[in-house]
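The structure under discussion appears below in the form of C-alpha cells.
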Amino acid sequence: MHDFFLILLSTALVNNVVLVKFLGLCPFMGVSRKTDAAIGMGLATTFVLTLAAGASWIVETLILVPLDLGYLRILSLILVIAAIVQFIETVLRKVSPGLYRALGIYLPLITTNCAVLGVALLNIQEGHGLAESLLYGFGSAMGFTLVLVIFAGMRERLAQLAVPAPFAGTPIAFISAGLLSMAFMGFAGLAPN
Amino acid sequence: MIHAAVSMSALGLGLGLLLGLAARRFHVETPPIVDEIDGILPGTNCGACGYPGCRGLAEAMAEGSAPVTACPPGGRDVALQLAAIVVPDADPETALSGMAEAEPTVAFIFEDHCTGCMKCFKRCPTDAIIGANKQIHTVVVDACIGCDACIEVCPTEAIVKRVKPTTLRGWYWTKPQSAFDADSRENAA
C-alpha cells in the first residue's frame with residue numbers, strides 16, 4: 001500500500017512527465033490556451049495512458065520477452081497504443097456520446113503523444129509488474145493533467161497582460177513553462193527515485 | 001527472424017480484428033440525412049464555413065445549428081439542393097433568405113508580389129493553384145472555388161478575390177429589368 005502511494009506521488013509530482021522528464025511537450029504547448037480544452041485533453045490522456053501502460057506490460061511479458069524480440073519493442077508498442085486509442089474512440093462513441101463529444105479531437109491526437117510511449121517504455125525499463133504499471137501510468141497521467149491545467153490557467157492570465165512585443169505569444173509561454181518546471185524541481189526531495 | 005515476422009503479423013492481425021469487431025459491435029447509426037448533406041457539399045474541406053470540414057458542417061446542419069446557406073464556395077446551387085432535403089416544407093426562396101447574392105469569385109495572384117513561396121499551393125483544397133518553388137504561381141479559374149484559404153496564408157498579400165470572368169460555358173442572359181425600373185431610369189435621365 002505504502003509502495004503504491006509512493007509510486008503515485010513519485011510519478012505525479014516528483015518525476016512529472018512534462019516538467020521533469022520533458023515528455024509530451026506538444027500537447028503541453030498546443031492545448032494549454034484554454035482551461036476547458038486542457039481539462040478535456042488531460043482526461044483523455046489519463047484514460048489512454050493508464051490502459052496503454054497495462055497493455056504494453058501484457059505485450060512485453062507475453063510476446064516480446066518469451067520470443068526475445070526486444071528490438072521490436074517500440075514498433076509493437078506504437079501499434080498497440082494506436083489500436084487502443086482507436087478502440088477507446090469507437091467504444092466511447094457508443095457508450096458515452098457526451099464524453100466523446102467533450103474529448104472530441106483530443107482523443108485521436110493522443111496517438112502521437114510521446115508521453116504515452118515514454119511511460120510504457122519506462123515501465124518496461126524499471127521492470128514493473130502489471131499493477132505497478134497501471135499505477136505508474138495513472139500517476140503520470142494525473143501529473144500530466146495537473147500540469148496542463150495549471151499551465152492553461154497561467155496562459156489565460158498571460159493573455160490579458162501587456163507582454164513586451166518580442167516576448168508576446170509563444171516565447172513568454174516557454175519562459176513560464178521553464179519557471180513552472182523549476183518550481184516542480186522543488187518536489188525532488190519528497191520521494192526517492 | 002521468423003518469430004519476429006509471425007508475432008508482429010499476429011499482433012497486427014489480432015488488433016485489427018479487435019478493432020473490426022469493436023466497430024461492428026459498437027456501431028453508431030448516424031442519421032442518414034448527414035450522409036445526404038455530406039454528399040451534396042463540395043467535399044473539399046476548405047473550412048470557409050467555420051466547421052471542421054464538410055462532415056462537421058453536415059452534422060451541424062442536420063441538427064439545425066447551421067443554416068443551409070452556410071457553405072460559401074457551394075453558392076446558390078448547393079444551398080438550393082440542401083434546402084430541398086433539410087427544410088423540405090419551406091419555400092426555397094425563404095430558406096435562402098440571408099444568402100448574399102454575390103457573384104461567384106475566384107482568387108487572383110498579382111505576379112509582381114508573388115515570391116513563389118508555395119504556401120498557397122499547399123493550402124488550396126482543390127489544387128487550383130499551380131506553380132513551383134520560387135516560381136510565380138497562378139490560379140486555375142475553373143478549379144478555384146473562392147474559399148479564401150490561400151488569401152489567409154499569402155505572406156505578401158499578393159492574392160485577391162475577383163469576380164469570376166465570364167466564359168462561353170458560364171454566360172447567361174441577365175435578369176430582365178422590370179418596366180417600372182426602366183421608366184424611372186428614363187425619367188431620371
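Both backbone and side-chain heavy atoms feed into the values below; hydrogens, waters and symmetry mates do not. Chain letters run A, B, ... following the sequence lines, proteins first and then strands; every chain starts at 1.
Taking CD1 of B:Ile2 as the start and CG of A:Leu67 as the end, the distance is 12.5 Å to the nearest 0.5 Å. Taking CE of B:Met8 as the start and CG of A:Leu64 as the end, the distance is 5.5 Å to the nearest 0.5 Å.
Linking ILVMFWY residues whenever their side-chain heavy atoms come closer than 4.5 Å, directly or via other members, places A:Tyr71 and A:Leu62 in the same cluster.
Interface residue A:Leu79: backbone and side-chain heavy atoms are both found under 4.5 Å from chain B. If you measure heavy-atom distances from A:Val95 to chain B, the contacts under 4.5 Å come from the side chain alone.
A:Leu72 approaches B:Ala4 most closely through the heavy-atom pair CD1-CB, 3.6 Å. Closest approach of A:Ser76 and B:Leu11 over heavy atoms only: CB-CD2, 3.7 Å. Taking each heavy atom of B:His27 and A:Lys94 in turn, the nearest pair found is O-NZ, 3.4 Å. The shortest heavy-atom contact between A:Phe87 and B:Leu19 is N-CD2, 3.5 Å. The two atoms that bring B:Ala23 and A:Thr90 nearest to each other are CA-CG2, 3.8 Å, heavy atoms only.
Around atom CZ of A:Phe138, no more than 12 heavy atoms belonging to other residues, nucleotides or ligands sit under 6.0 Å away. The number of heavy-atom neighbours closer than 6.0 Å to CZ of B:Arg55, taken from other residues, nucleotides and ligands shown, is above 12. Heavy-atom neighbours of A:Ile74 CD1 from other residues, nucleotides or ligands within 6.0 Å: at or below the threshold of 12. A 6.0 Å sphere centred on CG of B:Asn133 holds more than 12 heavy atoms belonging to other residues, nucleotides or ligands. Remark: B:Lys119 NZ is loosely packed, at most 12 non-hydrogen atoms of other residues, nucleotides or ligands lying under 6.0 Å away.
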